[in-house]
Amino acid sequence: MLLRRRGELVCQEMVELITDYLEGTLSHSQRRRFETHLAGCEHCTEYLEQMRKTIQLTGRLQAEDMTPQMQQEFAALYQRWHSEEA
(Lines give C-alpha, C1' and ligand atoms only; values in the text may rest on other atoms or scores of the structure.)
Protein backbone atom coordinates (compact mmCIF):
# COMPACT_ATOMS: atom_id res chain seq x y z
CA MET A 1 0.00 0.00 0.00
CA LEU A 2 1.28 3.45 -0.95
CA LEU A 3 1.34 5.88 1.94
CA ARG A 4 1.52 9.58 1.26
CA ARG A 5 1.03 12.77 3.16
CA ARG A 6 -2.07 14.81 2.53
CA GLY A 7 -1.61 17.05 -0.50
CA GLU A 8 1.24 15.06 -2.03
CA LEU A 9 1.01 14.07 -5.66
CA VAL A 10 1.64 10.55 -6.88
CA CYS A 11 3.35 9.80 -10.19
CA GLN A 12 0.12 9.14 -12.09
CA GLU A 13 -1.15 12.59 -11.11
CA MET A 14 2.15 14.06 -12.28
CA VAL A 15 1.71 12.53 -15.72
CA GLU A 16 -1.77 14.05 -15.93
CA LEU A 17 -0.47 17.53 -14.95
CA ILE A 18 2.74 17.67 -16.98
CA THR A 19 1.28 19.49 -19.99
CA ASP A 20 -0.27 22.15 -17.75
CA TYR A 21 3.06 22.48 -15.93
CA LEU A 22 5.00 22.95 -19.16
CA GLU A 23 2.44 25.47 -20.44
CA GLY A 24 2.53 27.38 -17.14
CA THR A 25 -1.19 26.99 -16.45
CA LEU A 26 -1.02 25.35 -13.03
CA SER A 27 -2.14 27.38 -10.06
CA HIS A 28 0.56 28.48 -7.62
CA SER A 29 -0.34 25.70 -5.16
CA GLN A 30 -0.50 23.03 -7.88
CA ARG A 31 2.88 24.14 -9.20
CA ARG A 32 4.38 24.01 -5.70
CA ARG A 33 3.03 20.48 -5.16
CA PHE A 34 4.27 19.45 -8.62
CA GLU A 35 7.78 20.77 -7.98
CA THR A 36 7.86 19.21 -4.49
CA HIS A 37 7.14 15.83 -6.06
CA LEU A 38 9.81 16.41 -8.73
CA ALA A 39 12.40 17.15 -6.05
CA GLY A 40 12.00 13.66 -4.63
CA CYS A 41 11.18 11.54 -7.70
CA GLU A 42 13.89 10.80 -10.24
CA HIS A 43 11.40 8.98 -12.51
CA CYS A 44 9.09 11.98 -12.87
CA THR A 45 12.08 14.28 -13.29
CA GLU A 46 13.32 12.06 -16.11
CA TYR A 47 9.84 11.95 -17.67
CA LEU A 48 9.62 15.74 -17.57
CA GLU A 49 12.98 16.05 -19.33
CA GLN A 50 11.85 13.52 -21.97
CA MET A 51 8.72 15.58 -22.59
CA ARG A 52 10.77 18.78 -22.91
CA LYS A 53 13.12 17.09 -25.37
CA THR A 54 10.20 15.68 -27.38
CA ILE A 55 8.64 19.14 -27.65
CA GLN A 56 11.97 20.61 -28.69
CA LEU A 57 12.59 17.96 -31.35
CA THR A 58 9.08 17.85 -32.78
CA GLY A 59 9.21 21.59 -33.28
CA ARG A 60 11.95 20.96 -35.82
CA LEU A 61 10.40 17.90 -37.47
CA GLN A 62 9.71 18.30 -41.18
CA ALA A 63 7.52 16.08 -43.36
CA GLU A 64 10.54 15.01 -45.38
CA ASP A 65 12.19 13.76 -42.16
CA MET A 66 9.56 11.03 -41.86
CA THR A 67 9.38 7.79 -43.78
CA PRO A 68 6.22 7.16 -45.84
CA GLN A 69 5.12 4.66 -43.16
CA MET A 70 5.53 7.26 -40.40
CA GLN A 71 3.53 9.77 -42.45
CA GLN A 72 0.72 7.22 -42.88
CA GLU A 73 0.72 6.42 -39.15
CA PHE A 74 0.52 10.11 -38.23
CA ALA A 75 -2.28 10.66 -40.74
CA ALA A 76 -4.22 7.70 -39.31
CA LEU A 77 -3.68 8.93 -35.76
CA TYR A 78 -4.93 12.39 -36.71
CA GLN A 79 -7.99 10.96 -38.47
CA ARG A 80 -8.88 8.86 -35.39
CA TRP A 81 -8.43 11.86 -33.12
CA HIS A 82 -10.47 14.09 -35.42
CA SER A 83 -13.32 11.57 -35.66
CA GLU A 84 -13.43 11.29 -31.84
CA GLU A 85 -13.70 15.07 -31.54
CA ALA A 86 -16.69 15.22 -33.93
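Treat the numbers as computed from the prediction; the structure is a model and nothing was measured.
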Inset, instruction - Kindly compute the distance separating NE2 (H28) from CZ (R33), expressed to the nearest 0.5 Å. - result: 12.5 Å
Inset, instruction - Decide yes or no for L77 and E73: does some side-chain heavy atom of the first lie under 4.5 Å from some side-chain heavy atom of the second? - result: no
Legend entry - CG-CG distance between D20 and L26, expressed to the nearest 0.5 angstrom: 5.5 Å
Legend entry - Between CD on residue E16 and SG on residue C11, distance to nearest 0.5 Å: 11.5 Å
Legend entry - Beyond-backbone contact of C41 with E46, side-chain heavy atoms, under 4.5 angstrom: no
Legend entry - Y21-Q30 side chain donor-acceptor pair, cut-off 3.5 Å: no
Legend entry - CA sep, side-chain torsions, deciding dist, call: F34, I18, side-chain contact (heavy atoms from CB on, under 4.5 Å): CA-CA 9 Å; F34 190 95; I18 201 156; 4.2 Å; yes
Legend entry - Check ion pair E49-K53 (N to O, under 4.0 angstrom): no
Legend entry - Heavy-atom neighbours of E42 CD exceed 12 at 6.0 Å: no
Inset, instruction - Taking atom CD of Q56 as the centre, report whether more than 12 heavy atoms of other residues, nucleotides or ligands fall under 6.0 Å from it. - result: yes
Inset, instruction - With the side chain counted from C-beta on, respond yes when L48 and M14 share a heavy-atom pair under 4.5 Å apart, and no when they do not. - result: no
Inset, instruction - Would you name the heavy atoms of V10 and E13 that are closest together and state the gap between them? - result: N-OE1, 2.8 Å
Inset, instruction - Answer yes or no: is there a side-chain heavy-atom contact under 4.5 Å between C44 and H37? - result: yes
